[in-house]
Amino acid sequence: MSISVKDLEPAFQVAGQKPGTEIWRIENFQPVPLPKSEHGKFYSGDSYIVLQTTSDRGGAYWYDIHFWLGKDTSQDEAGTAAIKTVELDAILGGRAVQHREIQGHESDKFLSYFKPCIIPLEGGVASGFKKPEEEVFETRLYICKGKRVVRMKQVPFSRSSLNHDDVFILDSEDKIYQFNGANSNIQERAKALEVIQLLKEKYHDGVCDVAIIDDGNLQAESDSGSFWVLFGGFAPISKKVATEDDIVPERTTAKLYSIIDGQVNPLDGELTKSILENDKCYILDCGSEVFTWVGRHTQLEERKSTIQAAEEYLANQNRPKSTRITWLIQGYETHPFKSNFDSWPSGSAPAPEDGRGKVAALVKQQGAAVKAASKSTSVQEEVPPLLEGGGKIEVWRIDGSAKTLILKEDIGKFYSGDCYIVLYTYHSHERKEDYYLCWWIGKDSIEEDQEMAAQLASTMCNSLKGRPVLGRVYQGKEPPQFVAIFQPMLVLKGGLSSGYKSYIEENGLNDETYASDTVALIRISGTSSHNNKAIQVDVAATSLNTYECLLLQSSSSVFIWHGKQSTHEQQQLAAKVVEFLKPGATVKHTKEGTESSNFWNGLGEKRDYTSNKLAPEATREPHLFSYSVNKGASSSFNIEEIYNFSQDDLLTEDVMLLNTHAEVFVWIGQSADSNEKQSAFEIGQKYVKLATSLEGLSSDVPLYKVTEGNEPCFFTTFFSWDPVKATAHGNSFQKKVMILFGFGHASENHRTNQDGPTQRASALAALNSAFSSSSTAKACSVPKPTGASQSSQRAAAVAALSTVLTAEMKQSTSRGSSLQSSRSPSISPPGGAKNAQFKESEEPSEHQESEVVDPAETNEEDSELKPPEEVFSYEQLKAKSENPAAGIDTKRREAYLSDEEFESVLGMTKEAFYKMPKWKQDVHKKKVDLF
């Protein structure tokens, strides 16, 4: 891709040098950097460019560029943002994924950078901004949509804006109200509470009353009354009227088009990877999203032209605004793009730094400065979270339709022709008993045993009330938590089950089942408790490796062979395996290069063997997905990625998939659909099959089922885990109320019909509030938009009540029922709890205290985050420092840095750093020698 100096935008020269979010606003057709204090605020009259830089575990950088177009931005500014996005991509090496974002229809990935939401504001740079001292508080009404990221839109401050299907936030000067439409989504209600917290901090200095108004609640509460008074009095709200914003494009069968000289031409035939040529550009139309694919050998001007081609393509078809456009460069395709093809063979995609290097070299020839690519650094071996030691181990071997308990002295021996069930019972964090339950599948086991193992393990899990972490483990893919239970773990050839023996006999195969009096060669691999395994291999000199230890067993002797590059841990494990297999046997130690003739005779003959160290599997970033099924004539399996995920994204009503590449978890919420709970492993297997074809995931990857409230440490390590959130009860909304405000909300009323009692209660509440004392009325800040005086509010409230009662009388007569019966409330609130008014106070109420978490439960975590009193320089705190600081906690070296040096060294504030999951913190610390 040819680039000249004039094509390089000066504002982007230092972009993408560290992980995080960078934003530019288009001002006078030039990108101007936006200070971090303004991040999250987007003016409807402007266009913005947003760069998100992420770092994987190997230290490589990945880029997403979004150009955001406000609803009132000019066509020229929008065009400038689009073109400048391509230029930014060129400076970054031509490998960023580019996205068009339309105000009100932003992608989940874009919104995930600004959780819980972005704040839409009217106006723009061209109209000038008010200085803070000139700003006057304005009461605003917002509609909030979204379960995990919120699309917040300001709507006219009018009763007519409300409806029964959505969640609204009314931000007044003295109190923030959340109005939950009777038919609104529980998860959207929960997310709106996070938005209220954001507004409270940003516009009320963290001090403001909060009230929840439930559409359909039968209580005449003062909060409900004051809410309606702000609208000039109560009146029944109308049904929702669909607008263009509610149009959700349907996903359609993908169609491929080529772009030649700006013209879009349809292509026929099957969708395969091979159809895409590296010197051409294409459009892939999937209905709800349109992808533009750019070949690696296309020119910069060609890439710019694809922007206009895609825009014109959508305009000509009158597609809705919410149709997303994503630009992809060859080799950096996303999962949603690849999933439209029959298959996506893994090819020679460039490494994260390759594309950057070629462009950098090309640009330097023309005298321009481009920052060097970050090199992937070798990652030190990490010890993953392991289960608490000292637990009880029980193992059963599958034999026909039954399971046979393994004797204690044989626990740890696995035969490749058999299947096993392993139950480990342990205690963690002083909780009640926890369970780790897996079935292990030998590579030579028969299908009937595999199916029976799964069935019996599932039955055992159900007998323990679904509490265990339930896992499927294949031979050769044992996860660290599984291996660490057994000291040692030994995988032997052959099998002992009747099914395996019958299979061998029926097929005329040799029975290679291990016996203590036969010749056997066992390889010792791994360097610590979580990866130490002993595996029986073919008896041949070619099985030796200079980086390993091997145990050679014959009828008369036992040799332990030490490779020159083997570790002390491997040698210790070899001795332990000998004692496990042949207690009391005499061992002959043989170092590589000093082997006796008896040793080579035991192997058959002396031959060459490998001296190559087995490369560790590449580590990848974890990805979280939500799962759903399109119900209908042709139900389909749908997954949607949750970007920049956190524990808050694990919603109790949902089923989630966490892919760490080393294992796959199916997380089941307590309130998830009962059918989905039962088919957890089927869901997981469908995902594994999909990820195997598109992402190169191993089909034998460990697969776990995890239930809400029983998450193990090796699952929670991928989140900044808060045990309080994990143990909260109720639906998503009730949990969020308890977590944010310290006590539960009154009972959820899921009424879908707005009957007489509901409207009468609201009218009475409004009437009560309107006739409250004048002093109370003065204390309440009534915003101007209603234009209602106290007398008009009273009149409106009386009129509304009269209208409701008249309507009730007519309905009562027509149904032949008494007015008295219609006045009986159908649901009564529990325990006299108030209707969700949350006030700031120094002394919690008695009910609040009963729900507050014991400080002792969180004291340990809080103490870890307390900054130490002493401060040391970065040079003193480095793990390999020549002048190390004395008396520090070496696990928290970074905590002793000053705030300024911390941000300089780690590229972020301490607050941002400690919000990250532990494993991400460790990755950053390793890069700067603070681990």
Side-chain angles (χ1 to χ4, degrees), residues 1-19 22 24 31 49-56 58-67 80-100 109 258-260 262 273 276-284 290-310 325-335 337-338 347-376:
M1 182 175 68
S2 178
I3 303 176
S4 63
V5 177
K6 62 182 177 63
D7 291 322
L8 300 175
E9 170 58 50
F12 299 146
Q13 288 298 323
V14 295
Q17 291 191 352
K18 59 183 180 181
E22 297 172 76
W24 297 264
I49 295 175
V50 177
L51 169 64
Q52 183 70 14
T53 305
T54 55
S55 173
D56 64 20
Y61 285 170
W62 301 86
Y63 302 106
D64 282 276
I65 309 174
H66 307 254
F67 60 97
T80 300
I83 295 300
K84 291 297 181 182
T85 293
V86 179
E87 294 181 16
L88 174 56
D89 175 46
I91 289 177
L92 295 172
R95 54 194 176 87
V97 178
Q98 301 168 48
H99 315 259
R100 183 191 72 167
K109 189 168 196 175
S258 64
I259 304 176
I260 302 174
K273 183 180 179 181
L276 303 173
E277 300 180 36
N278 61 16
D279 60 347
K280 292 183 179 178
C281 302
Y282 299 86
I283 283 178
L284 183 70
V290 170
F291 297 94
T292 298
W293 185 91
V294 176
R296 211 180 303 161
H297 296 303
T298 52
Q299 301 299 311
L300 179 63
E301 292 306 316
E302 284 183 88
R303 299 184 183 189
K304 288 183 178 180
S305 69
T306 62
I307 295 175
Q308 185 177 356
I325 306 179
T326 303
W327 285 264
L328 303 169
I329 184 70
Q330 181 182 3
Y332 299 96
E333 297 86 357
T334 60
H335 179 277
F337 176 83
K338 292 189 284 189
S348 57
E353 313 304 343
D354 287 353
R356 178 56 177 258
K358 290 179 181 178
V359 174
L362 214 133
V363 171
K364 283 180 180 177
Q365 290 175 7
Q366 303 175 44
V370 176
K371 69 181 181 66
S374 62
K375 298 295 182 185
S376 296

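Values reported hereafter were calculated over all heavy atoms of this structure, with side chains retained and with hydrogens, waters and symmetry mates removed.
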Heavy atoms of Gly16 and Leu92 approach each other most closely as CA-CD2, 4.2 Å
Cys281 and Thr306, any side-chain heavy atoms less than 4.5 Å apart: yes
Thr85 side chain vs Ala81 backbone, donor-acceptor pair below 3.5 Å: yes
Kindly write out the residues that satisfy side chain to side chain contact (heavy atoms under 4.5 Å, CB included) with Glu277, not counting sequence neighbours, or none if the list is empty. Asp279, Lys280, Tyr282
For Ala11 and Trp24, which heavy atoms make the closest approach, and how far apart are they? O-NE1, 3.5 Å
Check side-chain hydrogen bond (donor to acceptor under 3.5 Å, both in side chains) between Lys18 and all other residues, then give those that pass, not counting sequence neighbours. none
Quick one about Gln330 and Trp293 (side-chain donor to acceptor, distance below 3.5 Å, no hydrogens or angles considered), yes or no? no
Side chain of Glu302, backbone of Gln299: donor and acceptor closer than 3.5 Å? yes
Assess whether side chain to side chain contact (heavy atoms under 4.5 Å, CB included) is satisfied between Ile49 and His66, documenting all intermediate values. CA-CA 6 Å; Ile49 295 175; His66 307 254; over 6 Å; no
Set of side chain to side chain contact (heavy atoms under 4.5 Å, CB included) partners for Thr53, sequence neighbours left out: Glu22, Leu51, Tyr61, Tyr63
List the residues meeting side-chain hydrogen bond (donor to acceptor under 3.5 Å, both in side chains) with Ser55, not counting sequence neighbours, and say none if there are none. Lys927
Could you go step by step and tell me if Thr334 and Val97 meet the side chain to side chain contact (heavy atoms under 4.5 Å, CB included) rule? CA-CA 8 Å; Thr334 60; Val97 178; 4.1 Å; yes
Where is the tightest heavy-atom contact between Ile307 and Ile83, given as atom of each residue plus distance? CD1-N, 4.3 Å
Within-4.5 Å side-chain heavy-atom neighbours: Phe12 and Lys84: yes
Quick one: side-chain hydrogen bond (donor to acceptor under 3.5 Å, both in side chains) partners of Thr326, sequence neighbours excluded? Glu289
Would you please name every residue forming a side chain to side chain contact (heavy atoms under 4.5 Å, CB included) with Ala310, sequence neighbours left out? Ile283, Thr292, Ile325, Trp327
Would you say that Val50 contacts His99 through its side chain, given a criterion of any heavy-atom pair below 4.5 Å between the two side chains? no
Lys304 vs Glu87, test: side chain to side chain contact (heavy atoms under 4.5 Å, CB included). Steps then yes/no. CA-CA 9 Å; Lys304 288 183 178 180; Glu87 294 181 16; 3.4 Å; yes
